[in-house]
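Being a predicted model, the structure only gives us computed values, none of them experimental. Letters A, B, ... mirror the listed sequences (proteins, then strands); counts begin at 1.
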Protein chains: 2
Amino acid sequence: MYGLKPAPFKTGSKLTRCKEPEMYMPTHRRANGNTESVDNYLKAILYLGGREESRVTIKALAERLSVAPASVTNMLQKLAASPAPLVAYERHHGVVLSQAGKRRALEVVRHHRLIETFLYEVLDYPIEEVHEEAERLEHFISERFEERIAAKLGHPKIDPHGHSIPTIEGEMAARESMLLADVVREGTFVIDSVSDRDAQNLRLIEACGITPGARVRVRKSSARGCDGYSVRVGRSARVFDLSREVARDVRIIRLAK
Amino acid sequence: MYGLKPAPFKTGSKLTRCKEPEMYMPTHRRANGNTESVDNYLKAILYLGGREESRVTIKALAERLSVAPASVTNMLQKLAASPAPLVAYERHHGVVLSQAGKRRALEVVRHHRLIETFLYEVLDYPIEEVHEEAERLEHFISERFEERIAAKLGHPKIDPHGHSIPTIEGEMAARESMLLADVVREGTFVIDSVSDRDAQNLRLIEACGITPGARVRVRKSSARGCDGYSVRVGRSARVFDLSREVARDVRIIRLAK
DNA sequence: GAGAGATATTAGGTTAGCCTACTAATCACT
DNA sequence: AGTGATTAGTAGGCTAACCTAATATCTCTC
């Protein structure tokens, strides 16, 4: 014999016969009953609803998820129609998360950020690569995995980008911060967080030494027509000029001084 | 703002328009182009084909994958019909892996076993839980993840169950071993590997101190009608009696001595 | 070598999730 | 309040993976 593991493992999908009527569960359903896709809708609603958890439009969701508006409508109808709905959806009036939906969304965000932290701290990933990997894995790790990496990391409260990691109970600390791109009056700031949206930008940002917690001196600089932001990190002599585009990926907090 | 990551990430699926004809890629396609399901078929064929890579029947596959035979036929036809087929399939005469198919299957096995090792060594999972977690994650980790955990673990050659981990090049060391359940002549053996098929059994086996590399003295014991195997591990005084069922989950190598 | 029993294939149907094209509702502004 | 632009919803289609039921093929024994 070869030594490959000798048996499959009921992966939670499979037939699941319900009495007579031939029923079976489709393939990509996950432990908690959600699919990857559903999780992504929930995350998107959480994000777009913002801190006030306001109603989210179909259009916004479609854009964020890179999906046709009709697909969004479809999905929301299904989610809202379920016996234990994850969203409250009203025709022509957008959608908000239900309690359950918010719980799940925050759980996925927690997974994502714990994984990012883990990849960065334990597996020495370059910062700009953690997001993509986490984006996939967040849907597939077990509670045990979550618990173990959290323990290994000493139950961190923020991820390597500076974002708050929701607690197991589903609480996420909110912080007041502003975009570097919104600076008008020069001053001294602390880096709050950096965006993981664009790996390219992120590498650049990182290369400047701009990491969460760093102290920076910022001034608007309108060199060469296009305006940017000149940033001096810490006490270093070097000053970096960031484009508006890149400056949008950095969140900062003004030091009262 | 909340601080959730500000943008989605093209996850490799999505529209992918091809000129005029409206084409799009379905959802659960993965980086390398395979789906989880395809990977599982490949793994199953690799396992069932054994060391000689002999033809595998539809029935055997159906059983191993807990799927109807018709579904297997369907899938194999698709896999065989692709431009770069992963299997060679002949109507009514079973299936074998192609070069490419074998490569991929071994890659997935490598992922699986590296993940198991990682969970066991780094995250202190109990041995009987690593399989289930690995079974899910093996499909979703990147090459980088694989490389990083392999490095972290010092490029291990066997996993915690004692199974060989294929190399990146797709080589897997074969070992001569026998089932504990096939012992007739008593003697001294080294534990080769334990099966991860049944978590329950595995916990029991582990509790006896039966782990890969351990030296054991085995004797057939027909106590109380049902026959089993009495095992003394190392120099310990305690002797454990294992049922035939459990003994089938342990592979051993007879010590020449 | 013919028929029975085992095994495999075909045909037709399901759900999830996505798509496009078209229609309906709402909003924003005069 | 009317109207045009924007946004949302409906209808109908597609693929991946499953399913069952019916049918075809193979193999093995007599």
Side-chain angles (χ1 to χ4, degrees), chain A residues 8 10-30 33-42 44 48 55-82 86 89-95 139, chain B residues 8 10-30 33-42 44 48 55-63 65-82 89-95 139:
Chain A
K10 311 250 148 120
T11 35
S13 23
K14 294 305 117 57
L15 36 174
T16 316
R17 259 159 253 220
C18 299
K19 287 205 158 179
E20 276 296 298
E22 57 287 278
M23 281 285 294
Y24 71 98
M25 289 182 89
T27 323
H28 29 33
R29 200 166 278 286
R30 297 287 153 204
N34 293 336
T35 60
E36 197 176 345
S37 187
V38 168
D39 279 350
N40 286 332
Y41 274 88
L42 298 178
L48 294 169
R55 292 194 161 274
V56 176
T57 65
I58 269 70
K59 185 172 187 268
L61 273 172
E63 265 161 21
R64 188 171 169 81
L65 295 168
S66 307
V67 141
S71 306
V72 176
T73 301
N74 252 289
M75 178 62 99
L76 294 184
Q77 286 173 344
K78 242 179 307 184
L79 290 183
S82 114
L86 292 165
Y89 161 70
E90 213 178 321
R91 267 184 68 120
H92 292 291
H93 294 286
V95 70
H139 307 288
Chain B
K10 311 250 150 117
T11 36
S13 22
K14 292 308 116 50
L15 38 171
T16 315
R17 257 160 254 220
C18 298
K19 287 203 161 182
E20 278 295 298
E22 57 287 278
M23 282 284 295
Y24 70 99
M25 288 182 90
T27 323
H28 27 35
R29 201 166 280 286
R30 298 288 152 205
N34 292 336
T35 61
E36 199 179 342
S37 187
V38 168
D39 278 351
N40 286 332
Y41 275 87
L42 298 179
L48 294 170
R55 291 195 162 275
V56 175
T57 65
I58 269 70
K59 187 173 186 266
L61 273 171
E63 264 160 23
L65 296 168
S66 308
V67 141
S71 306
V72 176
T73 300
N74 251 291
M75 178 61 100
L76 294 184
Q77 285 173 345
K78 241 180 310 182
L79 291 183
S82 114
Y89 160 72
E90 214 179 319
R91 268 184 65 124
H92 292 287
H93 294 286
V95 71
H139 307 287

So, is [X] close to the [N] phosphate, meaning a side-chain N or O under 4.0 Å from OP1 or OP2?
X       : N      : value
A/Thr35 : C/dG17 : yes
A/Tyr41 : C/dC18 : yes
B/Lys78 : D/dA17 : yes

Could you grab the distance from atom [atom1] of [X] to atom [atom2] of [Y], nearest 0.5 Å is fine?
X       : Y       : atom1 : atom2 : value
A/Ile58 : A/His93 : CD1   : NE2   : 10.5 Å
A/Ser66 : A/Asn40 : OG    : CG    : 10.5 Å
A/Gln77 : A/Arg91 : CD    : CZ    : 7.5 Å

Starting the side chain at C-beta, find the nucleotide from [options] nearest to [X].
X       : options                : result
A/Ile58 : C/dT10, D/dA8, D/dC18  : D/dA8
A/Ala68 : D/dC19, C/dC19, D/dA17 : C/dC19
A/Ser71 : D/dA8, C/dG17, C/dC18  : C/dC18
A/Ser37 : C/dC18, C/dA8, D/dA17  : C/dC18
A/Gln77 : D/dT10, C/dG17, D/dA17 : D/dT10
B/Thr73 : C/dA8, C/dG17, D/dC19  : C/dA8

Counting C-beta onward and ignoring hydrogens, is there a side-chain heavy-atom pair between [X] and [Y] closer than 4.5 Å?
X       : Y       : result
A/Leu76 : A/Leu61 : yes
B/Met75 : B/Val67 : no
A/Tyr41 : A/Leu86 : no
B/Val56 : B/Tyr89 : no

Round to a whole Å and report the spacing from [atom1] of [X] to [atom2] of [N].
X       : N      : atom1 : atom2 : answer
A/Glu90 : C/dA25 : CD    : P     : 15 Å
B/Met75 : D/dA16 : CE    : C1'   : 8 Å
A/Glu36 : C/dA16 : CD    : P     : 16 Å
B/Asn74 : C/dG12 : CG    : P     : 13 Å
A/Leu76 : D/dT7  : CG    : P     : 17 Å
B/Leu65 : D/dA16 : CG    : P     : 18 Å
A/Glu63 : C/dC18 : CD    : P     : 16 Å

Side chain to side chain contact (heavy atoms under 4.5 Å, CB included) against A/Ala70, all qualifying residues, sequence neighbours excluded |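 Expected list: none.
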Using nucleotides 25-28 of chain D, report all nitrogen or oxygen pairs with the protein that are shorter than 3.5 Å.
none

Contacts of B/Arg55 that satisfy salt bridge (charged side-chain N to carboxylate O under 4.0 Å, His left out) - sequence neighbours left out |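 Salt bridge (charged side-chain N to carboxylate O under 4.0 Å, His left out) list for B/Arg55, sorted by chain: B/Glu90.
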For B/Lys78, enumerate each residue passing the salt bridge (charged side-chain N to carboxylate O under 4.0 Å, His left out) test, keeping only those at least two apart in sequence or located in another chain.
->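 Scan of B/Lys78 (salt bridge (charged side-chain N to carboxylate O under 4.0 Å, His left out), adjacent residues dropped) gives none.
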Which pairs, protein N/O on one side and nucleotides 2-5 of chain C N/O on the other, fall under 3.5 Å?
none

